[in-house]
Amino acid sequence: MSDRQDIPDETHSGAATHTAQAAQAAQAAQAAQAPHATRPAPPISTLLDAAAGAALPVLRGVRDDQLGWPTPCAEYDVRALLNHLFQVVVAFRSLAAKKDVDFSRTPDRLGEYGAQWPDRFADASARLVEAWAVPGAEDGLTGGMQLPARTVGAMALLDLTVHAWDVARATGRPYTPAAGCVAELRALVAQMAPTARKMNVFAEPAPVPPGASDLEVLLAETGRDPHWTAG
């Protein structure tokens, strides 16, 4: 399967194109959403805080000798995936403030921070949560594609949740997604998936057996094999 299904993908030379494609897919999803909701959705900041809390133990458990290991995202090894996550938590903080973001390059944060990278990631993710908790952060439009701000925040939530699983699978660590995040993301992915697949943001859905967990279904909808192993 194709594994370039990050929302957005900032690591590769075609990053700007894939970011725009992901944004268009999210825009289509927003337009397709039903006008009524059965219950108020939790704030994106609350979900991001929970997702970061679930991801950090996985990230802190990564050993130096595992940084070159493959991940479920075929074009990322563990190091590249962690640098991508750094880019997400930093860039989407700016998007919460309705500022422009340059997705054309992904800095090597692990190289810059050395052994302190897990603490620096924890700090960056806390600042991401704070940015989306500012009154008005979810209102209006943001980003180069001028998408609804909440949709943009949910894109960050998708990366933080799904890539935490990617790192966990790559390094053999347990991972349990934060309560409430998977339900929010399944709704987002279900709406945007048809457009995202046409744009090669998502691969075709992977098969899942009956009785699969909500997380496994979410992963399959993004084109991942929920039972991926490095071997």
Side-chain angles (χ1 to χ4, degrees), residues 5-10 22 26 29 39-62 71-73 76 78 81-97 101 109 117-134 137-138 142-143 147-171 173-193 196 201-202 213-222 224 226:
Q5 38 262 16
D6 302 301
I7 311 288
D9 179 346
E10 301 101 357
R39 58 180 175 79
I44 284 294
S45 60
T46 299
L47 295 173
L48 287 169
D49 189 31
L56 281 168
V58 174
L59 273 54
R60 289 188 181 279
V62 175
T71 75
C73 297
Y76 292 106
V78 172
L81 191 54
L82 293 170
N83 276 323
H84 172 70
L85 271 175
F86 257 114
Q87 177 76 340
V88 168
V89 297
V90 172
F92 280 81
R93 184 172 74 233
S94 296
L95 290 170
V101 174
R109 307 281 185 177
W117 75 260
D119 291 335
R120 297 297 291 267
F121 186 89
D123 291 343
S125 61
R127 294 177 66 186
L128 174 70
V129 172
E130 291 170 358
W132 283 95
V134 171
E138 292 190 31
T142 189
L147 291 173
R150 183 177 175 91
T151 299
V152 172
M155 291 161 67
L157 182 68
L158 180 61
D159 266 18
L160 191 56
T161 300
V162 171
H163 285 322
W165 177 86
D166 289 332
V167 175
R169 294 295 291 185
T171 59
R173 296 190 60 81
Y175 171 65
T176 301
C181 291
V182 173
E184 176 84 8
L185 294 174
R186 282 201 60 192
L188 173 74
V189 170
Q191 296 290 349
M192 70 185 295
V201 176
F202 290 168
S213 69
D214 286 345
L215 176 61
E216 289 173 330
V217 174
L218 173 65
L219 294 167
E221 287 171 345
T222 68
R224 287 167 168 78

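Side-chain atoms are counted along with the backbone in the values below, which use heavy atoms only and exclude waters and symmetry mates. Keep in mind the model is a prediction, meaning the values are calculated, not measured.
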TODO: Applying side-chain contact (heavy atoms from CB on, under 4.5 Å), name anything that partners Val78, two or more places apart in sequence or on another chain.
DONE: Val62, Leu67, Trp69, Thr71, Leu82, Ala170, Thr171
- [ ] Flag the pair Met155 / Phe92 as yes when at least one side-chain heavy-atom distance between them is below 4.5 Å, and no otherwise.
- [x] yes
TODO: Report yes if the side chains of Val167 and Leu81 come closer than 4.5 Å at any heavy-atom pair, otherwise no.
DONE: yes
Open item on the list: For a 4.5 angstrom cut-off between non-hydrogen side-chain atoms, does Glu130 reach Ser45?
Closed with: no
TODO: Could you please spell out the steps behind the side chain to side chain contact (heavy atoms under 4.5 Å, CB included) verdict for His163 and His84?
DONE: CA-CA 9 Å; His163 285 322; His84 172 70; 3.4 Å; yes
Task: CH2-CZ distance between Trp117 and Arg60, expressed to the nearest 0.5 angstrom - done: 8.5 Å
Task: Rounded distance (nearest 0.5 Å) linking atom OG1 of Thr151 with atom CG of Leu188 - done: 7.0 Å
TODO: Taking all heavy atoms of Leu160 and all of Ala51, pick out the closest pair and write down the distance.
DONE: CD2-CB, 3.8 Å
TODO: To the nearest 0.5 Å, tell me how far Leu215 CG sits from Trp165 CH2.
DONE: 8.0 Å
Open item on the list: Apply side chain to side chain contact (heavy atoms under 4.5 Å, CB included) to residues Asp166 and Val162 and explain how you reach the verdict.
Closed with: CA-CA 6 Å; Asp166 289 332; Val162 171; 4.2 Å; yes
- [ ] Kindly compute the distance separating CD1 (Ile44) from CG (Asp49), expressed to the nearest 0.5 Å.
- [x] 12.5 Å
Open item on the list: How long is the straight-line distance from OG1 of Thr161 back to CG of Leu47, given to the nearest 0.5 Å?
Closed with: 8.5 Å
Task: For Glu184 against Ala41, the heavy-atom pair lying closest together - done: OE1-CB, 4.2 Å
Task: Side-chain touch Arg186/Val182, heavy atoms, less than 4.5 angstrom - done: yes
Task: Gap between atom SG of Cys181 and atom CG of Asp214 - 0.5 Å precision - done: 12.5 Å
